[in-house]
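To start, the structure itself, in structure tokens.
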Amino acid sequence: MSFALLRRPDPDHLEVQHEGASLQIALRRRPTARRITLRVSAATGEVVITLPSRTAVNTAQRFATSHAGWIAARLARVPERIGFVPDAILPLRGTPHRLHLRGTRSGAVRVETEAGEPVISLSCEPAHVPRRIRDYLTREARRDLAEAVERYAPLLGQRPVRITLRDTRSRWGSCTARGELNFSWRLILAPPMVLDYLVAHEMAHLREMNHSARYWALLHGLCPHVDAAEAWLKRNGTSLHRYG
């Protein structure tokens, strides 16, 4: 009988204590793992411990407990989350906007100015605000992405077969061998040059499916703000995951 059949099912999470606080750690097994690893997502604050197939949960628990201080220190660096709730401040195309709930009857989401302050105004039941705001941001991202694609398509002589929006954590965009482009809707929270750069970056892959010197020469020829956009993402990209 195999070891896997004899072992009790793994718990979803482990829990450790640090200075009176309880820290939850998601538990994952990976057959290819050679040792225990511990990761704290700088974007979401999720803590994950990954185990080889034959490592006992008790061993993982001791490992996590011994690293409780390290986990707490990493979590302290994660930006505070900002929900899509009335009066929250979130960036739209890089500019801070306040979310204003103007009523509870269903009404359009719109950008307005109140007392000189830019606001995203909507009317709906309070419980529906998060969904309405995310839907609005996704629509705006899709529109801006489509406009950028139309700017670059004549320069490349190529266009994608499809554009998909997701909420990816590890990358802002991607291009498949079939010519499909995928982007994070959160790019609508960044300055316009960043979204524009990501479109140029992925569309350049329609011609060069690599990161060779020829690819970078093509990209720099298409987009004048490659370096500025990459620098912005390096400094601020993780913070875009704090919203919602």
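Note that these values count all heavy atoms, side chains included, but never hydrogens, waters or copies made by symmetry.
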For a side chain to side chain contact (heavy atoms under 4.5 Å, CB included) check, start with the C-alpha distance between His201 and Tyr215, then their side-chain angles and the critical distance, and finish with the verdict.
CA-CA 9 Å; His201 184 111; Tyr215 165 83; 3.1 Å; yes
Does Ile25 form a side chain to side chain contact (heavy atoms under 4.5 Å, CB included) with Val48? I'd like the steps, not just the answer.
CA-CA 5 Å; Ile25 306 168; Val48 179; 5.8 Å; no
Show your reasoning for whether side chain to side chain contact (heavy atoms under 4.5 Å, CB included) applies to Leu90 and Leu99.
CA-CA 8 Å; Leu90 69 144; Leu99 297 187; 3.1 Å; yes
Given side chain to side chain contact (heavy atoms under 4.5 Å, CB included), test Arg29 with Thr50 step by step and report yes or no.
CA-CA 5 Å; Arg29 283 195 186 271; Thr50 303; over 6 Å; no
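Here the closest heavy-atom approach between residue Leu14 and residue Pro11 is recorded as CD2-CG, 4.1 Å. In this structure, Phe183 and Gly173 approach most closely via the heavy-atom pair CD2-CA, 4.1 Å. Summarising the geometry of Ile89 relative to Pro96, their closest heavy-atom pair is CG2-CB, 3.8 Å, with the distance given to 0.1 Å. Shortest non-hydrogen contact noted between Leu51 and Ile49 is CD2-CG1, 4.0 Å. Across Ile71 and Ala64, no two heavy atoms sit closer than the pair CD1-O, 4.1 Å. Taking all atoms of both residues into account, the shortest heavy-atom contact from Ala141 to Leu165 is CB-CD2, 3.8 Å.
By the 4.5 Å heavy-atom criterion applied to side chains, Val57 and Asp10 are counted as neighbours. For the pair Arg162/Arg178, no side-chain contact is recorded, criterion being any heavy-atom separation below 4.5 Å from C-beta on. In this structure, the side chains of Pro31 and Ser53 come closer than 4.5 Å at one or more pairs of heavy atoms.
Judged as a side chain to side chain donor-acceptor pair (under 3.5 Å), and not counting sequence neighbours, the contacts of Thr65 are Gln61. Partners of Arg30 under the salt bridge (charged side-chain N to carboxylate O under 4.0 Å, His left out) rule, at least two apart in sequence or in another chain, do not exist in this structure. Not counting sequence neighbours, Arg171 has no partner by the salt bridge (charged side-chain N to carboxylate O under 4.0 Å, His left out) test. Listed by chain and residue number, nothing satisfies the side chain to side chain donor-acceptor pair (under 3.5 Å) test with Asn236 (two or more places apart in sequence, or in another chain). The salt bridge (charged side-chain N to carboxylate O under 4.0 Å, His left out) check on Arg28 picks up Glu46, with sequence neighbours excluded. Contacts of His220 classified as side chain to side chain donor-acceptor pair (under 3.5 Å), with partners at least two apart in sequence or in another chain: none. In this view, Thr59 and Arg62 satisfy the side chain to side chain donor-acceptor pair (under 3.5 Å) rule, not counting sequence neighbours. Partners of Arg207 by salt bridge (charged side-chain N to carboxylate O under 4.0 Å, His left out), not counting sequence neighbours: none found. Judged as a side chain to side chain contact (heavy atoms under 4.5 Å, CB included), and not counting sequence neighbours, the contacts of Glu114 are Arg98, His100, Glu112, Val119.
For the 3.5 Å distance criterion, the side chains of Ser121 and Arg102 qualify, holding a donor opposite an acceptor.
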Identify every side-chain donor-acceptor pair in residues 151-158 under 3.5 Å, counting partners at least two apart or on other chains, and give the distances.
from	atom 1	to	atom 2	distance (Å)
Arg151	NH2	Asp196	OD1	2.5
Tyr152	OH	Asp196	OD1	3.4
Tyr152	OH	Asp196	OD2	2.5
Gln158	NE2	Leu206	O	3.3

Output side-chain donor-acceptor pairs under 3.5 Å for residues 125-139, partner residues at least two apart or in another chain, one line each.
from	atom 1	to	atom 2	distance (Å)
Arg132	NH1	Ser123	O	3.4
Arg132	NH2	Gly107	O	2.4
Thr138	OG1	Arg134	O	2.9

Solution key, residues 78-85 side-chain donor-acceptor pairs under 3.5 Å, sequence neighbours excluded:
from	atom 1	to	atom 2	distance (Å)
Arg81	NH1	His241	O	3.0
Arg81	NH2	His241	O	3.3
Arg81	NH2	Gly244	O	3.1

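Separating the CZ atom in Arg214 from the CD atom in Glu208 is a distance of 4.0 Å, to the nearest 0.5 Å. Taken from OG1 in Thr164 to CZ in Arg142, the straight-line distance is 7.0 Å, to the nearest 0.5 Å. Separation of atoms CG (Leu145) and CH2 (Trp185) is listed at 12.5 Å; rounding is to 0.5 Å. Atom-to-atom distance recorded for Asn182:CG and Trp172:CH2 is 14.5 Å, nearest 0.5 angstrom.
Between the Thr113 side chain and the Glu117 main chain, no donor and acceptor come within less than 3.5 Å of each other.
Few gaps surround CZ on Arg169; more than 12 heavy atoms of other groups in view lie less than 6.0 Å from it. Remark: Arg235 CZ is packed, more than 12 non-hydrogen atoms of other residues, nucleotides or ligands lying under 6.0 Å away.
No continuous path of hydrophobic side-chain contacts links Met209 to Leu218 [ILVMFWY only; heavy atoms under 4.5 Å].
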